[in-house]
Asker: 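Before anything else, here's the structure in question.
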Amino acid sequence: MIARNDCVERDRADPLAPLRSLFALERVDRQGTIYLDGNSLGVLPRAAADRVRQVVEDEWGLGLIRSWNTAGWMTLSQRIGDKIATLVGAGPGEVAVADSTSANLYKVLSAAIAMTAGARKQVVSERTNFPTDLYIADTLAREHGFELALVDADGLDAHLDDRLAILMLTHVNYRTGRMHDMARVTSAAHDAGALVIWDLAHSAGAMPVHLGDADFAVGCGYKYLNGGPGAPAFVWAHPRHTARMDREGWRQPLSGWLGHAAPFEFTPDYRPAPGIARFICGTPPVLSMAALECGIDTVLAAADRGGLDAIRRKSIALTELFVELVESRCAGYSLELASPRAAADRGSQVSFAHATGGYPIMQALIARGVIGDFRAPDILRFGFTPIYTRFADVWDAVDRLSHVLASGEWREPRFSVRSAVT
Ligand SMILES: *Cc1c(COP(=O)(O)O)cnc(C)c1O
């Protein structure tokens, strides 16, 4: 049996523990809230409020339009993109920050479709991929006469054949936390003659990512990058593709003025900017970019404490502790581990399925101050962000979960009332 004190000791010995002070968690802590949902919305970085206030009051309020030049607003996408690049195994100048993950996926999938000439007309993804990815792919597939084939993760290899044009996957599954072996899948898809697009929504900032030889990637700013609600997303294309786009003058479908080679020449015809910058569409959301940069800086602050490798080590330790505690302390209440049991096969989240009570159990748990989330139809989902989640938090969360289950309080009707966001 693991005692709470053992967890407190592990926090004392944790090299990443000091990073928790980079987050504005005092009021959350005072409220007694344990936050296990950083995989959906990362915690507020302490620096963000002051930085956003500075951008509002000084850069906007005083600098006014001059700030596009004097405060570097025009180069925010590149500057923040370069920081993200260090987290996903990309080089400087290879990542652009813009728009939403959904919009960026539309752009890169359009690029991939344009690059696949010939008989191949199939886009393959996972049936349990995040819906926005599937909706975007469905629309583009219809528009271009492609077929979108949805398969189970286990059956993926059977679809890597000469019909496959594009394999579009999310590295870590949002429901189960199951993680693909990026290098292996990328190389298998290439061997089959296909292009690969990775969605890094649940991996960027949570573990080392090596895009390596992959073709395109997109990712989310508000999850493990702590960029704040609706933070801008990012987009990457392998330099071999951007070089070819440069040579062939390829334009992405959202060919807006800030993805133009010379936006301030205001020419009537579109000429794409070189490299990844062509994936920018319109004016950057400067206030959101400022908050996003503060979020990314919290992850980069781990650099001299072992960086993403240390983050991954602690992530595995936190998720293993959680699984072990739930299975020992909540046995007999029909919770089934829905994430891979082997830590190497999952990201930084753990999901349990409950056939009938998934939603009300999570609501009752939230009422006891443990915030996870529910994913229909039956998944209780818990995210672990190693730079602010403590081992003692894991112990306390499971302690409260065991009370929710043992008391049966989750059966109270008020916990079955559905909100818009689950
Ligand atoms: C969170 C998430 C998104 C979010 O897309 P938005 O355009 O920011 O709403 C997309 N894909 C995956 C896999 C996600 O987990």
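Note that ligands are numbered from 1 as they come in the structure, with each ligand's atoms numbered from 1 the same way.
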Asker: Between Asp373 and Arg381, is there a side-chain N and carboxylate O pair less than 4.0 Å apart?
Answerer: yes
Asker: Might you list the protein residues in contact with ligand 1, defined as having a heavy atom under 4.0 Å from one of its atoms, sorted by chain and number?
Answerer: Ser100, Thr101, Ser102, Phe130, Thr132, Asp133, Thr170, Asp199, Ala201, His202, Tyr222, Lys223
Asker: Using a distance-only test with no angle check, is there a side-chain donor-acceptor pair under 3.5 angstrom linking Trp198 and Thr170?
Answerer: no
Asker: May I ask you to establish whether Arg375 and Tyr174 are in a cation-pi arrangement, using a distance under 6.0 Å from NZ or CZ to the six-membered ring centre and at most 45° from the ring axis?
Answerer: no
Asker: Examine Arg10 relative to Phe391 and say whether NZ or CZ is less than 6.0 Å from the centre of the six-membered ring and inside a 45° cone about the ring axis.
Answerer: yes
Asker: Check for me whether Lys107 meets the cation-pi criterion with Phe234, that is, NZ or CZ under 6.0 Å from the six-membered ring centre and within 45 degrees of the ring axis.
Answerer: no
Asker: With sequence neighbours left out, write down each residue that passes salt bridge (charged side-chain N to carboxylate O under 4.0 Å, His left out) with Arg251, or none if nothing qualifies.
Answerer: none
